[in-house]
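Computed from heavy atoms alone, side chains included, the values below leave out hydrogens, waters and symmetry copies. Please read all numbers here as calculations on a predicted model, not as lab measurements. Whatever order the structure lists them in is the order used to number ligands and atoms, beginning at 1.
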Amino acid sequence: MNNTIKYFQQLLHTALALYFGKESNYVSIQDIPLPNPSEFSPIIPNSIQPTFEERIVLLLALMPHLSPQTLDSFFLQNKDLDRPYTEFGGWKGASHNGFLPTGQTVAFIIGNAELNIENFFHRSHWFYKNNILHLEGQGDGEPFLSGRLVVSDEVLAKLQNREYEPEYNASFPAKRITTPLEWLDLVLPYNLNEEINNIIRWIQHENEIREQWRLNRIVKPGYRCLFYGPPGTGKTLTATLLGKQTAQDVYRVDLSMIVSKYIGETEKNLAKVFDKAAYRRWILFFDEADALFGQRGETQTSNDRHANQEVAYLLQRIEDFPGTVILASNLKDNIDEAFFRRFQSALYFPMPNERLRYQLWQKMLPAEWLPDNTGEFFQKVAEYKLSGGNMVNVIQSCAIQLYGKTPPKLTLEQLKQAVARELSKDGKVVN
Ligand SMILES: Nc1ncnc2c1ncn2[C@@H]1O[C@H](COP(=O)(O)OP(=O)(O)OP(=O)(O)O)[C@@H](O)[C@H]1O
Ligand SMILES: [Mg+2]
């Protein structure tokens, strides 16, 4: 980046010299030889050839991070008026001691009155669409270009060669979820599997599908879906694998936490999640959506009313979200009609039947544990009425028993005991 910084220093020096009618090596900032463009290539999408002016905007936005002192010349005071030059724009940060450029700073450096500087910051510009930079923080009724020039966290991460992942905390209540499992590990009833494949098809071909038949006039972008059913039946796993399959990050938002804990702050925090997610092609996974269903209906206390407003806000954002949103819940009776209407599909994840349990055990049990006659073994264990989640617990408990044994063979009796322990958690017995 050194050459780029030197280039920018020269550019600034020249722009100021030209503005104040001082001597300069160049007649115009365009004459300064450009640095090697490859220094930027990680940040700029392949399909884009930035213009000279766009380069300046990007460089200026990066300067507080790359070389803040470079911008110090903007602190120059106007001696006649004994105040900073308005035409430079700029802010002083809350903690940053240097100059933070604004849209006005861009206008000053480019110095071309014919050019509409605001265009660089429109939603249709590639800067915005690719989440590279934007203006923010204009005061009420103040000029648009007085907004601070902000590069996205992703661009900064890319410059530092690290992967961007926002931190989970109260003000950003979403966390990325991943799984080491693959699509083939997922065992679902045939119909459900088909429905999931439809979602994948939509995610992969949404634009073509909507444009081909001019459906964009009537069909909203994005896909909203409800997963419901008993615990441990694969709702979270399916959502995570959907992301893996379509190369999108999946972010999980725990609604039970949001609706109860952060009343008041919720809208602001949720807005952050939706805003971040919108241009990053994330799949948003709202877990424990029961918290939402519970909050609708008659309200008594002011807290309830508040929560109801938040729910309304959340539903609106979900409806308007241009990507994939999945809500998960254990309840099936409590969900009212109004809810279902907002979703493109509501998929029921049932407890697996015997055939599916057979497959689940087959995929999950380590081959080393199995007796010679596996067919009979699987048939027997498939009889226990367990969810996939239950099986994981049973297997863990068996693993602890088998650790250190040679050979580590699992007997039906051992497995049965582990199943009994698992079922007793829900007050059930082995049948
Ligand atoms: N249908 C399935 N296919 C394969 N593995 C499964 C399936 N269901 C559950 N499992 C296993 O059980 C684990 C727990 O399942 P998961 O967390 O997806 O359940 P869930 O439906 O989200 O439960 P909850 O309602 O409690 O959140 C999975 O990580 C996976 O190992
Ligand atoms: Mg879950």
Next on the checklist: Is the ring pair H122/F144 parallel, tilted or perpendicular, if the boundaries are 30 and 60 degrees?
Outcome noted: tilted
Checklist entry - How are the rings of Y228 and Y348 set relative to one another: parallel (under 30°), tilted (30 to 60°) or perpendicular (over 60°)? => result tilted
Checklist entry - Is K92 positioned over the aromatic face of F99, cation under 6.0 angstrom from the ring centre and no more than 45 degrees off axis? => result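 No, cation not above the ring by the 6.0 Å, 45° rule.
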Next on the checklist: For the CD atom of Q359 and the CE atom of M364, what is their distance to the nearest 0.5 Å?
Outcome noted: 11.5 Å
Checklist entry - Is the shortest distance from a Lys or Arg side-chain nitrogen in E422 or K425 to a carboxylate oxygen in the other one below 4.0 Å? => result yes
Next on the checklist: Students should find this: residues with any non-hydrogen atom under 4.0 Å from ligand 1. What is the answer?
Outcome noted: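 Its neighbours under 4.0 Å (heavy atoms only) are L181, D185, L186, V187, L188, P231, G232, T233, G234, K235, T236, L237, N330, L360, M364, G388, G389, V392, given by chain and number.
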Checklist entry - Would the W282 and Y251 ring centres measure less than 6.0 Å apart? => result yes
